[in-house]
2 protein chains.
Amino acid sequence: MRENKFLAIYDDLVEQIQSGEIKPSTKLPSENEMVEQYGTSRETVRKALNLLSQNGFIQKIKGKGSFTLDVRKFDFPVSGLVSFKELVDKMGKPWKTIVYEMALEKPNSYIQKQLNIKANEQVWKIARARELDGERIILDKDYVCQSFVPTLSMETCEGSLFSYFEGELGLKISFAKKEISVDEPTEEDYKYLDLKDYKHIVVVKNYIYLEDASLFQYTESRHRLDKFRFVDFARRGH
Amino acid sequence: MRENKFLAIYDDLVEQIQSGEIKPSTKLPSENEMVEQYGTSRETVRKALNLLSQNGFIQKIKGKGSFTLDVRKFDFPVSGLVSFKELVDKMGKPWKTIVYEMALEKPNSYIQKQLNIKANEQVWKIARARELDGERIILDKDYVCQSFVPTLSMETCEGSLFSYFEGELGLKISFAKKEISVDEPTEEDYKYLDLKDYKHIVVVKNYIYLEDASLFQYTESRHRLDKFRFVDFARRGH
DNA sequence: GAGTGGTCTAGACCACGCC
DNA sequence: GCGTGGTCTAGACCACTCT
């Protein structure tokens with residue numbers, strides 16, 4: 001059970017929807033019924049329902065009620081902030097991470113600009129390939145300001161940087177900007193990936209910000225064309 | 001001025017941020033001050049601020065206040081539900097739409113599946129190329145159930161389908177699922193686009209739903225590799 | 001008319017940042 | 001301690017849907 005009432009209600013409903021206890025396209029209890037059920041005020045119930053709506057679990061229809069959407073059709077959203085490890089774990093496929101580089105460097109001017117830092121600040125550079133079904137199909141290049149992350153180990157890089165930052169360092173990631181484009185492969189790409197004959201590569205640039213709106217990480221994910229897939233759920237907001 | 005108080009406050013603040021009246025990375029008035037300013041309750045002010053936060057305009061920091069983000073860095077989000085016309089108008093580039101096809105058809109089995117309809121229902125198929133700087137770089141193929149859109153004209157197709165549906169037909173688009181992948185060009189792509197020597201094409205599949213959660217349109221946007229760009233802003237939600 | 005979700009209010013208590 | 005945003009409440013009125 002989570003700390004906040006509305007999150008507890010949210011979690012409860014998500015669990016019921018994902019487990020199939022509440023079937024797709026059926027009506028949820030009305031807000032007033034939930035007020036009784038959960039013993040809270042209506043605004044609190046509504047906060048939980050709005051979260052469900054934003055995340056694509058339900059659709060609210062005025063005068064009628066809240067209805068579950070068919071979540072299985074909206075399969076895994078790569079949207080939001082999901083790490084490779086979370087994703088691939090969810091899919092249940094065998095995979096491997098190969099660390100090619102982990103070093104504390106003076107950033108070049110491109111990275112300096114991307115991270116918006118001074119030339120004398122040092123950054124961690126981590127280069128890792130992701131192997132699925134025996135093929136290295138994604139190259140992740142992470143650049144992290146040392147000011148936020150004093151130390152880093154090889155083992156961490158083989159696991160999830162993300163959970164290290166959030167879990168052990170207590171850094172709170174708040175939002176991110178993603179940019180997807182297609183580019184020509186670099187020598188690095190040819191060296192670290194099994195690129196076959198593809199003459200292009202999908203580049204996902206990720207700018208990651210903390211709670212205080214400071215930019216602390218820049219990640220470039222380079223995906224082999226045939227293995228790239230991005231799913232997004234968006235509400236037409238106001 | 002919009003109908004709802006919280007939207008009016010939202011609009012007011014967006015305008016101030018975008019016009020530069022409120023500079024990037026500065027502090028907004030506190031919630032209590034806004035309560036005075038706008039003469040509403042605090043929850044209403046907070047509703048407006050949460051919208052701003054979701055849409056990447058501000059960052060709220062507990063104990064400190066709400067701060068504007070540098071919106072120029074987060075330039076045009078292709079995310080959400082934006083039509084080609086809206087996008088290109090915002091960029092202010094000269095462009096042209098070429099309609100290659102507009103017909104009422106029996107859907108093939110692929111489209112039937114995508115739109116989740118019966119074989120005997122008819123659908124509009126519209127194929128349009130988007131020309132920028134003298135090159136046809138995007139091919140949009142729209143499939144719309146006739147049950148929602150009884151009539152359609154050539155002029156509408158040359159403009160914005162979207163504003164026709166929302167404006168004249170009064171259809172209310174509520175949410176969409178997007179899927180981005182890369183594929184090999186079809187004969188249609190070669191015929192209707194200036195593909196140069198590119199051996200692949202970026203495919204954006206869009207499933208568009210109405211307020212009552214009915215799927216009413218399937219759109220496939222096929223982008224030339226070098227001109228494709230997708231920007232997304234995502235908060236790490238709860 | 002009864003039931004539903006959408007908006008709004010006035011007030012309360014809490015956790016956090018800062019001085 | 002004071003000001004900030006985060007949560008929660010109890011109640012109100014509205015617009016919409018269905019019967």
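All of these numbers come straight from a predicted model, not from anything done at the bench. Just so it is clear: chains get the letters A, B, ... in the order the sequence lines come, proteins before strands, and each one is counted from 1.
- Look at B:Glu31 and B:Lys60 and you find a salt bridge, because one of the NZ, NE, NH1 or NH2 atoms lies within 4.0 Å of a carboxylate O, short of that distance.
- Between the P atom of D:dA15 and the CD atom of B:Glu211 lies a distance of 16 Å, rounded to the nearest Å.
- The distance from atom CG of B:Leu51 to atom C1' of C:dC8 is 16 Å, rounded to the nearest whole Å.
- Regarding A:Glu43, its CD atom lies at a distance of 10 Å from the C1' atom of C:dT9, rounded to whole Å.
- Rounded to an integer number of Å, the gap from A:Lys172 NZ to C:dG17 P is 9 Å.
- Under 3.5 Å, the side chains of B:Tyr110 and B:Tyr143 contain no donor-acceptor pair of N or O atoms.
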Output one line per pair: protein atom, nucleotide atom from nucleotides 2-6 of chain D, and distance, for all N/O pairs under 3.5 Å.
residue : atom : partner : partner atom : Å
D:dG3   : N2   : B:Gly63 : O            : 3.1
D:dT4   : OP1  : B:Ser30 : OG           : 3.3
D:dT4   : O2   : B:Gly63 : N            : 3.4
D:dG5   : OP2  : B:Glu31 : N            : 2.8
D:dG5   : N7   : B:Arg42 : NH2          : 3.3
D:dG6   : OP2  : B:Arg46 : NH1          : 2.7
D:dG6   : OP2  : B:Arg46 : NH2          : 3.4
D:dG6   : OP2  : B:Lys60 : NZ           : 3.0
D:dG6   : N7   : B:Arg42 : NH2          : 2.7
D:dG6   : O6   : B:Arg42 : NH1          : 3.1

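- Between A:Leu69 and A:Gly56 the shortest heavy-atom distance is CD1-O, 3.6 Å.
- Checked against A:Lys125 for a salt bridge (Lys or Arg N to Asp or Glu O under 4.0 Å), the options A:Glu220, A:Glu101, A:Glu105 give a single hit: A:Glu101.
- One can place NZ of A:Lys5 at 15 Å from P of C:dC13, the figure rounded to the nearest angstrom.
- Residue pairs that meet the salt bridge (Lys or Arg N to Asp or Glu O under 4.0 Å) test with at least one member in residues 19-28 of chain A, sequence neighbours left out, do not exist here.
- Between B:Tyr164 and B:Leu152 there is a side-chain heavy-atom pair separated by less than 4.5 Å.
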